[in-house]
Amino acid sequence: MRIHSKIVAIAVCFGVFLLLYFFGGNAADEPPLKEVAKEKHLPFFNHVGDFAPAKESKRNPEEPQKPPRLIRKEPKLSSRGGGNVIAKTRQKSEVGHPVSKVTRAEDVMHLAVVACGNRLDETLNMVKSALLFSIKKIKFHIFAEEDLAEQFEKGFSVWPQTVSSRFHYSIYPITFSVGNADEWKKLFKPCAAQRLFLPVILKDVDSLLYVDTDVLFLRPMDDIWKFLKAFNSTQLAAMAPEHEIPKIGWYSRFARHPFYGVTGVNSGVMLMNLTRIRSTLFRNSMIASGLSWENLLHPLYQKYKNHITWGDQDLLNIIFHYNPECLYIFPCQWNYRPDHCMYGSNCKAGEEEGVSILHGNRGVYHDDKQPAFRVVYDAIREYPFEENMFQSLFYPLQTKFLDTVNTLCGRIPQVFLKQIEKTMRVVYEKKVVRHVRLPHEK
């Protein structure tokens, strides 16, 4: 009996020991639980699937192709050459959308424009056209005279919230880092030479699209931005030819200085990898060792100033004449001008695909010399934000275009209408069709 009692006592003690080991020992061996850090949200942009412009945005997840993986930082809002800094940034986010993703630098496209004199309305219409169709967010770098800065602010302030939430902008004073500022400012058109100094001023911007104020986008800016991925290892800028036919081109007939290729290039639409431009030594006819972009501009101007007609565009032609491997040429429909139709249609790519970017130089938006260009400009200017684009933009444009079919450029309406109609259908499908679900899918 005593033996049985001892066995039972030992078994009970062993069981208690096991219980203490499993419930006490394991807990002691485990490290203490750490407090979960709260998620930090960086500044964000919310995508608005609408047709209207805006101030800050996020990359569209439905976009078929990612943009070039180029590092882009926000520009430092500073000026060179003295003067008050007018650079201001507007950032607004769409109300009612939760913060879910952080916008990366490569999800934002950068667009620069220089506006002086009476170019306010043209510039606002250009900005509007860029935002009507574009998918990714756009940062606008607006270089303007001081008295125009407040007018730009006022113009943007009346746009709807769905517009102002999709972009942001900075306004900079007109400054030139080298040479005589007054001389640069009067070169060709007022302030046009400012574009030459973009790589010097926007030191924190990696890549940029520059356009003249008289440019209108008829398809997403995203599409021309993708040309950055097409650059080879030596290319650092992209432009379209000045003309398609050498025998009627200006440079091939009249230029008194070197120019690119057979017909020269037009600088009204210029895509730039600013990082490459800043790090390249350019061959020239003055110094055998080559010069950096900033150090090249002033001596180049001094040498050719009595031989150039189109100012900064001529200087760019001279630079790329000596450095042709640095330039990428995109087709004429990306910089379609009156020259492509007033002497007969000579932009075959435009006939096949339609105009992608319309460049209304020669003042054709404001006179009756080429009414086809003015009809497009007026249609975009008169389009009310957030209205149905087919009813309030395309159909009025199509109707008004009938009055231009007897003019030199209006006789080929498909060139002006094909791409914008295609773009509207794509945007409509993304906004409406893809968001409509069948009853059984809800």
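Treat the numbers as computed from the prediction; the structure is a model and nothing was measured.
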- Heavy atoms of other groups near Glu150 CD, more than 12 under 6.0 Å: no

- Pairs satisfying salt bridge (Lys or Arg N to Asp or Glu O under 4.0 Å), at least one member in residues 208-218, at least two apart: Arg195-Asp212

- Message: Can you list everything that forms a side chain to side chain donor-acceptor pair (under 3.5 Å) with Thr423? Sequence neighbours excluded, please.
- Response: Gln419

- Message: With a 6.0 Å cut-off on the ring centroids, do Tyr251 and Tyr260 count as close?
- Response: no

- Query: So His366 and Tyr377, would you call those rings parallel, tilted or perpendicular, with 30° and 60° as cut-offs?
  - Reply: perpendicular

- Message: Centre-to-centre under 6.0 Å for Phe227 and Tyr328, is that the case here?
- Response: yes

- Query: Can you tell which of Ile174, Thr175, Leu297 makes a side-chain contact (heavy atoms from CB on, under 4.5 Å) with Phe197?
  - Reply: Leu297

- Residue pairs fulfilling salt bridge (Lys or Arg N to Asp or Glu O under 4.0 Å) with at least one residue in residues 238-257, sequence neighbours excluded: Glu242-Arg337

- Give a yes or no on this: more than 12 heavy atoms of other residues, nucleotides or ligands lie within 6.0 Å of atom NZ of Lys422. no

- Message: Between Phe416 and Tyr336, is the ring centroid distance below 6.0 Å?
- Response: yes

- Query: In terms of side-chain geometry, is the basic nitrogen of Asp339 or Arg362 positioned less than 4.0 Å from the acidic oxygen of its partner?
  - Reply: yes

- SG-SG under 2.5 Å, Cys332 vs Cys347: yes

- All disulfide (SG to SG under 2.5 Å) counterparts of Cys326, not counting sequence neighbours: none

- Query: Between Ser345 and Glu351, is any side-chain donor less than 3.5 angstrom from a side-chain acceptor?
  - Reply: yes

- Item | Counterpart residues, side chain to side chain contact (heavy atoms under 4.5 Å, CB included), relative to Asp367 (two or more places apart) | Val364, Lys369

- Task: Just grab all the disulfide bond (SG atoms under 2.5 Å apart) pairs involving residues 349-397, residues at least two apart or on different chains.
- Result: none

- Whether His141 and His110 hold their rings parallel, tilted or perpendicular, with breakpoints at 30° and 60°: parallel

- Derivation and outcome, side chain to side chain donor-acceptor pair (under 3.5 Å), residues Asn335 and His359: CA-CA 6 Å; Asn335 187 353; His359 185 181; 2.9 Å; yes

